[in-house]
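Report on the following structure.
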Amino acid sequence: ITYTYPGNITVLCTNKGENGVEFHGEKGWIFVSRGVIRASDPKLLDEPLPANAEKLYFSNDHHLNFVECIRSRKQPICDAEIGHRSCTVCHIGNTCLRLEGRKLDWDPAKEMFTNSPLANMYLNRTPRKTY
C-alpha cells in the first residue's frame, strides 16, 4: 500500500522484508526496528542532530509512561491524537485491501474517504443492541 501525504511524501507499507521502518532521504536511508538501527552510511547515525531538531523524551515502557503521565499531567510519549492518527492509517490500509487495492482519497479533517461511499461504509459498524 502506498500512502501519499502533502508535499508528495510517500510511505510504502509492505509485508515483505524485515519488520521495521526505513526512511529514505537525500543522504541515504536509516532503518529502525525494536532494538535495531542501521543506515546506508554510518555517518548518518554518528552526526549530531541540529540544535533546533525536535526531540521526544525517552520512554521504553509505554504502559508505565501512561501511568506516570496520569500522575504528572505530562503528555505521554504517544498522546491520544498521535495514537488515533497512527491507527487511522492502518484502518485506511485495511479498507484499501478489502476493496482490492482501489485508490482511496482520505480527508483527515472529516475523517472520511472523499472518493468512495463503499469505503466509507467500513468506517463504522452497526453497534450491538443495548441491554
Side-chain angles (χ1 to χ4, degrees):
I1 297 171
T2 301
Y3 299 93
T4 305
Y5 290 86
N8 207 30
I9 295 170
T10 59
V11 174
L12 176 64
C13 181
T14 180
N15 64 349
K16 298 190 175 25
E18 188 176 355
N19 185 26
V21 179
E22 191 170 285
F23 299 93
H24 290 255
E26 295 171 357
K27 296 182 179 181
W29 56 263
I30 296 176
F31 176 83
V32 181
S33 186
R34 294 195 186 268
V36 174
I37 184 167
R38 54 182 182 264
S40 58
D41 181 350
K43 291 179 187 174
L44 292 171
L45 302 177
D46 296 334
E47 290 178 2
L49 294 173
N52 63 345
E54 186 174 340
K55 297 179 183 179
L56 299 175
Y57 64 89
F58 178 78
S59 171
N60 63 0
D61 186 332
H62 285 296
H63 296 106
L64 181 59
N65 175 247
F66 177 73
V67 173
E68 288 170 346
C69 289
I70 291 171
R71 293 180 179 138
S72 70
R73 302 289 188 229
K74 182 177 168 183
Q75 282 293 324
I77 196 162
C78 181
D79 67 21
E81 181 69 16
I82 291 169
H84 169 70
R85 297 294 179 180
S86 298
C87 290
T88 299
V89 171
C90 298
H91 293 311
I92 291 169
N94 285 331
T95 301
C96 181
L97 291 172
R98 286 180 176 163
L99 299 178
E100 298 176 353
R102 181 181 304 175
K103 182 181 184 295
L104 299 173
D105 294 323
W106 178 253
D107 181 334
K110 293 182 180 177
E111 296 196 348
M112 46 188 320
F113 297 100
T114 60
N115 65 335
S116 177
L118 180 59
N120 284 323
M121 291 174 52
Y122 289 107
L123 297 177
N124 293 306
R125 59 185 168 88
T126 304
R128 66 182 182 175
K129 295 180 180 178
T130 58
Y131 294 87

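Just so you know, these numbers use all the heavy atoms, side chains as well, and skip hydrogens, waters and symmetry mates. Just so it is clear, the structure is predicted and the values come from calculations on it, not from any experiment.
At a threshold of 4.5 Å between side-chain heavy atoms, the hydrophobic network of Ile, Leu, Val, Met, Phe, Trp and Tyr places Ile37 and Phe31 in two separate groups. Hydrophobic clustering of Ile, Leu, Val, Met, Phe, Trp and Tyr side chains at less than 4.5 Å, counting indirect connections, keeps Val21 apart from Leu12. One hydrophobic cluster holds both Tyr5 and Ile1 under the rule that ILVMFWY side chains link at heavy-atom gaps under 4.5 Å. Linking Ile, Leu, Val, Met, Phe, Trp and Tyr residues whenever their side-chain heavy atoms come within less than 4.5 Å leaves Val36 and Leu45 in two separate clusters. Cluster annotation: Trp106 is connected to Ile9 through the hydrophobic network of ILVMFWY side chains, with a link wherever side-chain heavy atoms come within less than 4.5 Å.
Other residues, nucleotides and ligands contribute only 12 or fewer heavy atoms inside 6.0 Å of the CZ atom of Phe66. Counting non-hydrogen atoms of neighbouring residues, nucleotides and ligands closer than 6.0 angstrom, the NE2 atom of His63 reaches no more than 12 such neighbours. The number of heavy-atom neighbours closer than 6.0 Å to NE2 of His62, taken from other residues, nucleotides and ligands shown, is 12 or below.
Of all the heavy atoms in Gln75 and Asp79, the pair that sits closest is OE1-CB, 3.0 Å. When every heavy atom of Lys103 is checked against every heavy atom of Asn115, the shortest pair comes out as O-ND2, 3.1 Å. In plain terms, the two heavy atoms of Gly83 and Cys78 that are nearest each other are N-SG, 3.8 Å. Scanning both residues, Ser40 and Gly28, for their nearest heavy atoms gives OG-CA, 3.3 Å.
In this structure, CD1 on Ile82 lies 12.0 Å from SG on Cys87, to the nearest 0.5 angstrom. Rounding to the nearest 0.5 angstrom, the gap separating the CG atom in Leu99 from the CG atom in Leu104 is 6.0 Å. Atom-to-atom distance recorded for Leu44:CG and Glu47:CD is 6.5 Å, nearest 0.5 angstrom. Atom CZ of Phe58 and atom CD1 of Ile77 lie 8.0 Å apart (nearest 0.5 Å). One finds the SG atom of Cys13 at 8.5 Å from the CG atom of Leu97 (value rounded to the nearest 0.5 Å). Of the inter-residue distances, the one linking Arg98 atom CZ with Met121 atom CE reads 11.0 Å to the nearest 0.5 angstrom.
Between Asn94 and Tyr122, the closest side-chain pair of non-hydrogen atoms is not below 4.5 Å. Leu118 is not listed as a side-chain neighbour of Phe113, based on a closest heavy-atom distance of 4.5 Å or more.
When atom types are taken as modelled, the side chain of Asn120 and the backbone of Met112 share no donor-acceptor pair closer than 3.5 angstrom. Checking side-chain atoms of Arg85 against main-chain N and O of Pro108 turns up a donor-acceptor pair under 3.5 Å. Looking at Asn19, its side chain never comes within 3.5 Å of a backbone N or O of Arg34 through a donor-acceptor pair. No donor-acceptor pair under 3.5 Å is formed between the side chain of Asn65 and the backbone N or O of Ser59.
A salt bridge is absent between Arg38 and Glu22; no separation between the charged side-chain nitrogens and carboxylate oxygens falls under 4.0 Å.
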